[in-house]
Amino acid sequence: MRYSEMFLPTGREIPSDAEIVSHRLMIRAGMIRKLTSGIYSYLPLGFRVIKKVEQIVREEMNRAGAQEVFLPAVQPAELWQESGRWQQYGKELLRFRDRQDRECCLGPTHEEVITDLVRNDVKTYRQLPRNLYQIQTKFRDEVRPRFGIMRCKEFSMKDAYSFDVDEKGAEISYEKMFEAYSRIFSRCGLKFRAVEADTGNIGGSFSHEFMVMADTGEDALVFCSSCDYAANVEKAEVARPEKKAVDESAFSPLEEIHTPDVRTIEEVCAFLDVTPQDVVKTLIFLVDDSPVAVLVRGDEEINEAKLRSYLGCDSLELATDDIIYEVTDSPRGFAGPINIKSRIVADYSFVNMTNCVVGANKEDYHIKNANIGRDFKVTEFADLRLIKETDSCPRCESPLRFARGIEVGHVFKLGTKYSKAMKATYLDKDGKEKYMVMGCYGIGIGRTAAASIEQNYDDNGIIWPVSIAPFQVMITPVNIKDEALLTTAEKLYQGLMDKGIEVILDDRDERAGVKFNDADLIGIPLRITVGPKRLAEGKVEVKIRKSGEVEVLSVDEAEKFIVDWVQAELKADG
RNA sequence: CGGGGCGUAGCGCAGCCUGGUUAGCGCACCUGCCUUGGGAGCAGGGGGUCGGAGGUUCAAAUCCUCUCGCCCCGACCA
């Protein structure tokens, strides 16, 4: 392409509403523009990157035996009612009515549609396994879109769905996708890790997230320093501590203490001169409309994802003051397990606590020397707390490392969650009707592109890996009014295009500095500078964006160098 | 949904507190000259419902009320 003919509005100013590097650079490089909150247009340069990512995804999905389909964005409510998610999904699901007053939604994901499709056309084990995927616009009405296209409402996602005859088959499908994903993100030039993850809204038994390592990532991750355990902190397990023998003779007598206006753990510790390890934190949650008291040691935090998963509930939120009053006969800040009017579940951190401080369920009072068994009963213990730096690996007990990441892909073992709800069955060899076993697999296309920028940039702009670069080469004649320079640049331009190289000829009547800065900003991997000094010797310069290395070559040598270099880079990523 | 901030030219901002010529600056844009290896210089020029509505006033970008939008923090969430 000739730069002079391109729609490529680059900018020098840093957009004031962009917080993270990828967002700023995508705006400045003329890749995207915001239409409204969480909704973006892709300009030609940005769209080329998207297409590159999509192509890599297609190639690897096809290689893994998946087949591409294209499902509707608008979906009828009935399907979602069948799966139960019409109620569960919450406000992120954009619902509306058509002119016949039928309830519809914009698809945030496509389990329902694909399951409906497959149940109608797959009847026998002979038609299984199958894996279908699509690359399509999803709509999720995010509470707070942010970071440009990193978390937006309308976005392009590759979603794949596998259908198998049994768990064993589903396991194989899952492994194939896991491998395909690893290849995809490697080819996109990303440094990533797969981590165990919570299954959230999608459900199912087990999942891995593919995380691009970046400090600006929204997810916190934990890794074992010696074994290969890696997990999202919202999923990370904490080992159950050994239950110590209880010595009831060491129990001190219960003591109710007046603690006016003392509510938080810090206030309790200061007032009673104890440590957070001595205090029981009692949190009241509203779980599918009934209250549940959750106990955790005072220095620990509840992990709501784990709690949600343990309780198997649709909705979970911290209780309002009204509910707290109902359950504890007191305002917020004085809840405790003794005589509380709700179900109690406790985190493992609570197992070995003795003579602890608890709320009295009475305004302005706490109780000292509370003991499980003697003073109250707890029958449910579970791993409910957030992992922290001082914890050790739940698998091998080695020290842990923490880091942040961007979730670019997520693979799920769904089991029969959707096939049961929506009666997706097949007949096995014995003529018996069985539920298909499903998996689903997503990749955020735009997010993958943005994540690449988070990992590859410098003060001057983006540094694309060749595999997803919008163009591979930029030719920069330093002065287009110099006939010799322009002629040489044109010759290179034609020659490289003939060899299948994607190239921009910067034929603008701009000063060299402007062109260099734009080339760096939009991150083209190679730049050929055609200038008078070198051309006098019949040479041009080829500069490698990522290393800054410069090769001085004749025109023919430059062509060959570039073709070879591009091939080598593509091979290295693949 | 709670807390905070911001809406003035394509972008980045000043002016508002303390109302008063024709609403400014930088970048970008157009014309001409000049210049051409890391965002040049000079001269001239175009572009504004000051987010919107209502109100106060002789007079509103400025004060008041309502409203819409955007951003950040939290809550929430693949």
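Residue numbers start from 1 in every chain, and the chains themselves are labelled A, B, ... in the order their sequence lines are given, proteins ahead of strands.
At whole-Å resolution of the value, CD1 in A:Ile39 and C1' in B:C70 are 13 Å apart. Look at CD on A:Gln88: it is 13 Å from P on B:C77, rounded to the nearest Å. In this structure, A:Glu301 places its CD atom 11 Å from P of B:A75, rounding to the nearest Å. The separation between A:Arg28 atom CZ and B:G12 atom P is 12 Å, rounded to whole Å. When the P atom of B:C73 is taken as reference, atom CD1 of A:Ile20 falls 11 Å away, rounded to whole Å. Atom CG in A:Asp518 sits roughly 15 Å away from atom P in B:G38 (whole-Å rounding). As a whole-Å value, the separation of A:Phe7 CZ from B:G10 P is 14 Å. When the P atom of B:C72 is taken as reference, atom NE2 of A:His23 falls 8 Å away, rounded to whole Å.
Within 6.0 Å of the CD atom in A:Glu483, the count of heavy atoms belonging to other residues, nucleotides or ligands does not exceed 12. More than 12 non-hydrogen atoms from other residues, nucleotides or ligands lie less than 6.0 angstrom from CG of A:Asp321.
For the OP1/OP2 pair of B:C71 and a distance below 4.0 Å, the side-chain nitrogens and oxygens of A:Lys34 include at least one atom meeting the criterion. Regarding contacts with the backbone of B:G41, every side-chain N or O of A:Arg511 stays at 4.0 angstrom or more from both OP1 and OP2.
For a distance-only test at 3.5 Å, the side chain of A:Arg151 qualifies as a donor-acceptor partner of the base of B:C77. Counting distance only, with no hydrogens placed and no angle test, the side-chain atoms of A:Asn479 and the base atoms of B:G37 include no donor-acceptor pair under 3.5 Å. One cannot find a donor-acceptor pair under 3.5 Å joining the base of B:G39 and the side-chain atoms of A:Glu510.
Each of A:Glu13 and A:Arg447 was matched to the nucleotide of RNA chain B holding its nearest heavy atom; the match closer to the 5' end belongs to A:Glu13. Between A:Asp509 and A:Met157, the one whose closest nucleotide on RNA chain B sits nearer the 5' end is A:Asp509.
Across all strands shown, A:Arg33 has no heavy atoms under 4.0 Å from either base or sugar-phosphate atoms. As judged by a 4.0 angstrom heavy-atom cut-off over every strand, A:Leu318 is placed among residues making no nucleic acid contact. Residue A:Arg508 is classed as having no contact, given no heavy-atom separation below 4.0 Å to the nucleic acid. Heavy atoms of A:Lys515 sit nowhere under 4.0 angstrom from any nucleic acid atom. The residue A:Asp482 sits apart from the nucleic acid: no heavy atom pair falls under 4.0 Å. Contact annotation for A:Ser37: backbone-only contact, meaning every heavy-atom pair under 4.0 Å involves sugar-phosphate atoms and none involves a base. Residue A:Lys153 is out of contact with every strand shown, counting any heavy-atom pair closer than 4.0 Å. Using a 4.0 Å heavy-atom cutoff across all strands shown, A:Asp17 reaches sugar-phosphate atoms only and no base atom. Residue contacts for A:Phe155: at a heavy-atom cut-off of 4.0 Å it reaches a base atom on one of the strands shown. Contact annotation for A:Asp198: no contact, since no heavy-atom pair falls under 4.0 Å across all strands. Among the heavy atoms of the strands, none lies under 4.0 Å from A:Thr476. The residue A:Glu317 sits apart from the nucleic acid: no heavy atom pair falls under 4.0 Å. Note on A:Gly531: a base of the nucleic acid sits closer than 4.0 angstrom, heavy atoms only.
Side-chain atoms of A:Ala512 lie closest to B:G37 of the nucleotides B:C72, B:C77, B:G37. Listed candidates were B:C71, B:G37, B:A78. Nearest to the side chain of A:Pro532 is B:G37. You'll find that the side chain of A:Arg12 is closest to B:A28, out of B:A28, B:C77, B:A40.
Taking a pair to require two hydrogen-bonding distances under 3.5 Å in either a Watson-Crick or a G-U wobble arrangement, B:G2 pairs with B:C73. Base-pair partner of B:G7: B:C68 (Watson-Crick or G-U wobble, both distances under 3.5 Å). For B:C29, the paired nucleotide is B:G45, the pair qualifying as Watson-Crick or G-U wobble because both relevant distances are below 3.5 Å. Across every strand in view, B:G37 sits unpaired, with no contact that passes the Watson-Crick or G-U test at under 3.5 angstrom.
Below 30°, between 30° and 60°, or above 60°: for A:Tyr181 and A:Phe185 the angle between ring planes is above 60°, a perpendicular geometry. Relative orientation of the A:Phe210 and A:Phe192 rings is tilted, given thresholds of 30° and 60° on the angle between their planes. Using the six-membered ring where Trp is involved, A:Trp80 and A:Tyr89 have ring planes that are perpendicular, over 60° apart on the 30 and 60° scheme.
A salt bridge (Lys or Arg N to Asp or Glu O under 4.0 Å) with A:Arg151 holds for exactly one of A:Glu19, A:Glu92, A:Glu407, A:Glu218; it is A:Glu218.
Between A:Val530 and A:Thr476 the shortest side-chain heavy-atom distance does not fall below 4.5 Å. The closest side-chain heavy-atom distance from A:Pro532 to A:Leu485 is below 4.5 Å.
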